[in-house]
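Take a look at the structure below.
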Amino acid sequence: MEIKENLKSVLSSLPDQPGVYQYFDENGEILYVGKAKNLKKRVCSYFQKEHDYAKLNLLVRKIASINYIVVKTEWDALLLENSLIKKHQPRYNVMLKDDKTYPWICIKKEPYPRIFPTRKIIRDGSEYFGPYASVTLMKTVLEFVRRLYPLRTCSLNLTEENIEKKKFKRCLEYHLGNCKGPCEGLQPKDDYDYSIAQIRQILKGNINSVIRYLKTQMTEYSGKWEFEKAQDLKVKLDLLEKYQSHSAVVSPTISNVDVFTILADEKSGYVNYLKIVNGAIIQSHTIELSKKLNEGDEELLLLGIADLRQRFDSDSIEILLSQPIEAEIPEVTVIVPQKGDKKRLIELSENNLKYYIREKQMLASLASPKKREDEKLEQMKKDLHLTELPHRIECFDNSNIQGAYPVAAMTVFVDGKPSKKDYRHFNIKTVEGPDDFASMEEVIYRRYKRLLEENQPLPQLIVIDGGKGQLSSALKSLETLGIADKMGIIGIAKKLEEIYFPGDPIPLYLDKRSITLRIIQQIRDEAHRFGITHHRKRRSKGSFQTSLTGIEGIGEKTAEKLLKKFGSVARIKDAPVDEIAKIVGKDKAGKLLATLSANQTVTQ
């Protein structure tokens, strides 16, 4: 690979130390930020050969200048890389997709600190705990700590000076027992700060230390015969122990541990983070990293670890991973567990990832009906071995009773849904007697001959209601028209719902729950319903013809006028000839009455 002259001197002067490198284009726009254990080896590797990944070759050709920053360790490089990516969002870097604003619990930095939920972090010295993926969970935690320790919820400026000057009065929360009245100096500052310290430990997951302290205090109160205070602490202990029993998931000996797992597909990597304290999960969070240069799982996992530990200010000295990494994290033990409670934590984290990805796909599907329909069509294409997505499906069904009044129906599905405006009926013209095969051959020929003559697009799939015989007859017409290879065609036999393909004597049996079979059944049932409806109308017209329209000179429209005027054939027979003549004329009126009088049995 040819190297630009201005880059050669930079490449030759790169140090053999950890650091971060930045690539810029000729306009000074940052293209890429990367980290390296050895800057010289890593950066030079970009320019030593053509790469298999085309986008990477394009990146290298765009590089006009290189900057680098030397750091002490590879981990420092990773943290700096993560910070620079967030700041500059270079085009060719992995992009963090975390569009949700999760809620946190804030302990506000102020006299008599308030505790409240927030989605906005302000760096003013306040403490933040979370984030909580579930708002319900966050509210439950807040309600729990407020039951344990009544605190103020007002936003008054409770400085010592303001309290001494008695600027404030107790509110309703005090009278309800939800606050101890620090605004009027009714609750000492030390007592309030003690409550905040205990809540801080609970939010961090250090429930055991709080329980030990409360037990000691309860014993002291009991020894002093201060039973009311002791009983109050016992209620708090019961709440804490109940809360702890619901939170514990593994051995309580596993404490202050971070868990990271990764799952990736062609476009993205997903990293899940669990924070474990005293065997309880106190934090869980998943991030999505969008690939740009075909990054591997280890690279994505490292970026996820750096981002999440920084974000949650983690001080865990042990990390559990789903796969090994080469990078060393200072003062941290990295373990890839193979069995036991720690392995179960990895499995739990991976399950969180699977649920996250499944929910994301479901939400994307709901947000995009077209995508959902395309997925159905993709599945049909795969199941039925089609060469195209079956955007348009046409289904045919014959209907007759012992050969009488033979008809056929065609129903149409577009993108998996009925398109009723495209439904068609066919009266069989060339076939005599009950011959389903010949009827199907006629209908298919007439349908697609007309489409070809009118230069209309053909469907991607034809469904024949019937087995091998009907399918062969339909195929014969398509071959005659020279379009047998232009679309897919299948037959569906009703008894066992077998799917037949041309030239294959062995049917396909689809899973009864499959979307492909469901759509085929729907369009087949529609064709059957539509055909039966038309057949009933034909039969009705046939019986109508045996009475009035069978008489010479009386057509369907004339017969309809007569029935509308007189109500029935019997009344027509008894009507005055002059009245009938007003509709059909004198000659036809006479013939009509003569014929009706000659018939002893009249079928309407």
Side-chain angles (χ1 to χ4, degrees), residues 394-412 418-451 453-454 456 465-466 523-604:
E394 296 184 354
C395 179
F396 297 85
D397 180 34
N398 290 329
S399 182
N400 68 74
I401 297 179
Q402 296 180 343
Y405 314 114
V407 298
M410 180 192 80
T411 49
V412 180
S419 179
K420 294 190 176 183
K421 66 182 178 63
D422 294 321
Y423 287 13
R424 296 289 183 271
H425 287 131
F426 298 87
N427 294 326
I428 304 303
K429 298 178 179 179
T430 63
V431 180
E432 302 216 356
D435 190 339
D436 272 354
F437 299 159
S439 297
M440 185 63 71
E441 186 176 343
E442 176 193 322
V443 169
I444 295 296
Y445 183 83
R446 285 167 55 191
R447 167 64 179 169
Y448 295 108
K449 183 174 184 292
R450 181 168 183 174
L451 287 188
E453 289 173 348
E454 295 178 355
Q456 296 292 322
D465 183 17
I523 193 171
R524 187 270 314 276
D525 293 344
E526 269 288 274
H528 186 66
R529 178 196 63 77
F530 194 55
I532 288 293
T533 302
H534 181 54
H535 189 260
R536 284 173 181 160
K537 290 180 181 178
R538 286 284 322 269
R539 284 178 12 229
S540 176
K541 286 184 178 179
S543 63
F544 185 60
Q545 287 173 346
T546 60
S547 54
L548 291 178
T549 57
I551 299 171
E552 183 182 356
I554 305 298
E556 289 184 10
K557 290 185 178 180
T558 303
E560 188 177 345
K561 288 179 181 178
L562 287 167
L563 286 173
K564 189 174 182 180
K565 170 71 176 176
F566 298 104
S568 69
V569 175
R571 289 182 179 178
I572 295 171
K573 182 181 175 182
D574 296 333
V577 67
D578 293 342
E579 289 294 317
I580 298 172
K582 290 179 182 179
I583 298 174
V584 299
K586 287 185 178 181
D587 291 341
K588 288 184 180 180
K591 290 180 182 179
L592 174 63
L593 286 174
T595 303
L596 291 177
S597 297
N599 293 332
Q600 297 300 316
T601 304
V602 178
T603 303
Q604 292 189 38

Next item on the list: Would you indicate whether the side-chain heavy atoms of R447 and E394 approach each other to under 4.5 Å?
Entry: yes
Checklist line | Residue pair V577 / G590: nearest heavy atoms and the distance that separates them | finding: CG2-N, 4.5 Å
Note to self: Taking D436's backbone N and O only, do any of them form a donor-acceptor pair with N398's side chain (distance below 3.5 Å, no angle check)?
What the structure shows: yes
Margin query: Rounded at 0.5 Å granularity, tell me how far CZ in R446 sits from CZ in R424.
Written below: 12.5 Å
Notebook entry, point to check: Quick one: CE on M410 to CD1 on I444, what's the gap to the nearest 0.5 Å?
Noted result: 9.5 Å
Check: At what distance, to the nearest 0.5 angstrom, does CG of L562 lie from CD of E579?
Finding: 11.5 Å
Notebook entry, point to check: So, do E526 and K420 sit near enough that their side-chain heavy atoms are less than 4.5 Å apart?
Noted result: yes
Notebook entry, point to check: Which atom pair, heavy atoms only, marks the closest approach of I428 to A408?
Noted result: CD1-CB, 4.3 Å
Checklist line | Minimal non-hydrogen separation, I580 against L592, with atom names | finding: CG2-CD2, 4.0 Å
Note to self: Minimum heavy-atom separation for A527 and A409, please, with both atom names.
What the structure shows: O-CB, 3.6 Å
Check: So with a 6.0 Å cut-off around CG of D587, is the heavy-atom count from everything else above 12?
Finding: no
Check: Should the pair F396 and F426 be assigned to parallel (<30°), tilted (30 to 60°) or perpendicular (>60°) ring geometry?
Finding: tilted
Margin query: Using 0.5 Å steps for rounding, measure from the CG atom of D397 to the CD1 atom of I532.
Written below: 7.5 Å
Next item on the list: Take atom OH of Y423 as the centre, draw a 6.0 Å sphere, and report whether it contains more than 12 heavy atoms from other residues, nucleotides or ligands.
Entry: yes
Notebook entry, point to check: Can you tell me if E442 uses its side chain to pair, donor with acceptor, with the backbone of T430 under 3.5 Å?
Noted result: yes
